[in-house]
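What follows is a single structure, written as structure tokens, with notes after it.
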Protein chains: 2
Amino acid sequence: MSVGIRHDDLRRRNRAMVIAAVRRAGRPSRTEIAATTGLSHSTISAISADLIGEGILAEGKPSEAGSLKRGRPQVGLGLNPEAAAVMTVVLSLNFLSVAVIDYAGQVISEEQRRLDTLTMSREALIGECVAIVRRRLEDPDIDVRSVARIALAIQGITDTDARAMLWSPITPQTDIAFADILEAEFGIPATMENDCNMMAVALRWRDPERYRDDFIAILLSHGIGMGLVLKGELFTGTHSSGGEFGHMIHRPGGALCRCGRRGCVEAYAGNYAIWRNAKQLGEDTEPVADVSDAQMRALAATARERAGPEREAYRKAGEALGYGLGSLFALIDPAPVAMVGVSAAAFDLIEPALREAIAQTAGGQHSKSISFDTEPNELPLIREGCAMRALTFVDQEIFAPGVQAKAGAGKNVA
Amino acid sequence: MSVGIRHDDLRRRNRAMVIAAVRRAGRPSRTEIAATTGLSHSTISAISADLIGEGILAEGKPSEAGSLKRGRPQVGLGLNPEAAAVMTVVLSLNFLSVAVIDYAGQVISEEQRRLDTLTMSREALIGECVAIVRRRLEDPDIDVRSVARIALAIQGITDTDARAMLWSPITPQTDIAFADILEAEFGIPATMENDCNMMAVALRWRDPERYRDDFIAILLSHGIGMGLVLKGELFTGTHSSGGEFGHMIHRPGGALCRCGRRGCVEAYAGNYAIWRNAKQLGEDTEPVADVSDAQMRALAATARERAGPEREAYRKAGEALGYGLGSLFALIDPAPVAMVGVSAAAFDLIEPALREAIAQTAGGQHSKSISFDTEPNELPLIREGCAMRALTFVDQEIFAPGVQAKAGAGKNVA
DNA sequence: CTCCATTTTTTCGAGCCTCAAAAAAATTCT
DNA sequence: AGAATTTTTTTGAGGCTCGAAAAAATGGAG
């Protein structure tokens, strides 16, 4: 059972709340913070005095060009960019991207690099990651000691503790404890996150109006991934990063999936599956290793131009996604969906069949009210999510430390 | 964003924690409570003195026949049965069951009644419920004023606020706000819960070792229902009671389901579906209204005896359940499963195909490690879950009241 | 230019709450 | 009967938040 609340926890939690309020609002005044947190002015005053004294917050002009109102002007409270820094490492197919971000969220150093992830050895892959991180840490603009956290993201399955990649489509290697490796190498706390989960975190940060308590981010790429936020919390499985939406069974015994099983949603909606159907290769054909974005765009163009196997391939993708979403909606009730990735740019080809399929399912009662957003470029989203993830960690675990600082990723606050 | 923690919340939460610890442990000593809650002895002493003064707890002998150890003997703290009472109302197919339960969890009055729910008018159905509740409240053994909460459970879909039944297979009526009706009639706070969710609550209460943080309760009855506990919390959809496992799509365009759609899991695994397949009526045949338990048991007996359509019907049920569970496990990772209801008694016929199907899915990697329990009788479970639900409400909202007493069901603490 | 109205922020005292340590209570063992 | 042991209560200290009042900082009116 959950443990009692100690007296000291109170201050810790309220500190964290104030920091979170500032991060969200930008440059709120003390009065605004009091309003959003529900705490009294005196408490906010005391806590913010502490935080300023510790160099975590800094005073400045308020966000609104005030001076219109009478009375003592508000003093804006902002995050002190120099309070700390975090690092994001995004590993995707043939690509490695690293950035250092200050406490206020600005990128202060970055590097990107092409790799051949599918053929690299385990050691080479790890080596590249360690090397690129080291180069960034040696950047003269960066104070190494200020880097408080590293967040990695990778396509594939990670464990719930956010320590290791268990399996990924971008490499034949399995079970690499990237978080432990980087921690050991640089002595900086690190976590290993699932890319789709980071997309969800970023969407929530970008548009809290639309993506608040319940929503779904679906990555339409070579494979199909999902990030799910339920009741305001990032949903992960109990053991792994979970949400293996792409491997829900669409048709028992159906098309061959990259995972070796049959009939998964991905085996109809992943890039390789659309490609396979468009080229009429048959559902038992071994999935190709990669289809370039340009090839996919060409496929979509053809499908738009004329009826034929290309158009049919997208229809099948839509159907699979629709039934999958429908089954998901049977479990969690419908929620806004963001489609991310190359094939999101071909969503016009996918949507009709998708909606029709959803309408055949339990979730389909409100089929018309379900709304879709599209975002063709996943990488920036993933990086942004990683940054927020790492910064939130610093906010909570370093600047509002409690007795029970957990080893793992802490709470799944999206 | 969540609101700051007030100073008064502290006491409230710790009071609730102490009550919960006593409810769980039976008759713990103050020292034991201190150990399980993590609070200091002095705090426990202060809080329990308050609670005894208010008549919520009462001193007595400790649960263990102690006197073996040296030193001052422990004083057991138990719930005072007279502190309050709650009422459970379980509405199932052709059956209505009501009980009054004291604060310590003992049944002190009950009544059961056969109805013809499928043909009753809306008014008659509501009237029966109101009448049976009134009769129990007029029982001379019951002090009406002590009844602090009514929990209803029904098969079907309820809303997230636990106010209304939205749809149920046991009646053609829809959208009956039972909770509001009973509240208005008797002035006692009421909630309307989903039966499978109550099963899950009860399982957790009965066997916290096995059913702790993550598990699944599946009702194998005329229809297929599910109660899901994830990370220690009852999982409900965002709008409805959610978990419409029975209406996940097993085969797109497949067998006709009672819900009017095609290919749902229930259309292969519900009693009517097993019946339909056993009688070789064809998948488009309109589902029958009811199959008696005796008929189902006869079917199972035949299936055990010889190969034939009966055995094949159970195989198909297993397959559908297996693929459904597999898809679920793709999302949430595998967890222990309890099979409840008549067909749980025929689980031997279902299990082989079920396991084979799971092995074909993403969740199937750990197929062998997934364990199933069976419990053929759902009604006692549902009643027990309702009772715990209502008692927990009294513990939290009445005996540890806070500023923000929410209107709805409060937190989903299973 | 001065003074008042207005709004934000800080200060101060009160009231709770939890905690650690010590004291008191209630037994068993010798 | 006294020592040892364990549970429970008491006591005092330290923290935290809150409301009210004071202080600060500005715009507007005369």
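Worth knowing before you read on, the calculation uses all heavy atoms, side chains too, and leaves out hydrogens, waters and symmetry mates. Below, chains carry the letters A, B, ... as their sequence lines are ordered, and counting in each starts from 1.
- If you find the closest nucleotide of DNA chain D to Gly71(B) and to Arg30(B), the one lying nearer the 5' end belongs to Gly71(B).
- Separating the CG atom of Leu77(B) from the P atom of dT7(D) is a distance of 14 Å, rounded to the nearest angstrom.
- Look at NE2 on His41(B): it is 10 Å from C1' on dT6(D), rounded to the nearest Å.
- Per the geometry, CG belonging to Leu39(B) stands 16 Å off C1' belonging to dT8(D), to the nearest Å.
- Distance from the side chain of Val75(A) is smallest to dT9(C) among dT8(D), dT9(C), dC17(C).
- Residues Arg163(B) and Asp161(B) are not paired through a salt bridge, judged by the lack of any N-O separation under 4.0 Å between the basic side chain and the carboxylate.
- Contact annotation: Arg70(B) does not reach the phosphate of dC29(C) (side-chain N/O to OP1 or OP2, under 4.0 Å).
- Between the CG atom of Asp50(B) and the P atom of dC16(C) there is a distance of 12 Å, given to the nearest Å.
- Contact between the side-chain N/O atoms of Ser42(A) and the OP1/OP2 oxygens of dC18(D) is not found at any separation under 4.0 Å.
- Remark: C1' of dC19(C) and CZ of Arg11(A) are 18 Å apart, rounded to the nearest angstrom.
- Within the cation-pi definition used here (under 6.0 Å to the ring centroid, within 45° of the axis), Arg204(B) does not qualify as a partner of Tyr211(B).
- Between Met17(B) atom CE and dC17(C) atom C1' there is a gap of 14 Å when expressed in whole angstrom units.
- OP1 or OP2 of dT18(C) has at least one side-chain nitrogen or oxygen of Asn14(B) nearer than 4.0 Å.
- Atom pair Arg15(A):CZ and dG15(D):P shows a separation of 15 Å (rounding to whole Å applied).
- No salt bridge links Arg27(B) with Glu32(B); every basic N to acidic carboxylate O contact stays at or beyond 4.0 Å.
- At dT8(D), none of the side-chain N or O atoms of Ser45(B) fall inside 4.0 Å of OP1 or OP2 (strictly under the cut-off).
- Leu152(B) has its side chain out of reach of Thr191(B): every pair of non-hydrogen atoms, C-beta onward, lies at least 4.5 Å apart.
- Side-chain nitrogen and oxygen atoms of Arg72(B) include none within less than 4.0 Å of the OP1 or OP2 phosphate oxygen of dT5(D).
- Of the two residues contacting DNA chain C, namely Ile47(B) and Ile44(A), the nearest-nucleotide position lying further toward the 5' end is that of Ile44(A).
- At the phosphate of dC17(C), neither OP1 nor OP2 sits under 4.0 Å from any side-chain N or O atom of Arg12(B).
- Geometric assessment of Arg23(B) against the ring of Tyr103(B) yields a positive cation-pi assignment under the 6.0 Å and 45° thresholds.
- Taking atom CD of Glu59(A) as the reference point, atom P of dA24(D) lies 15 Å away to the nearest angstrom.
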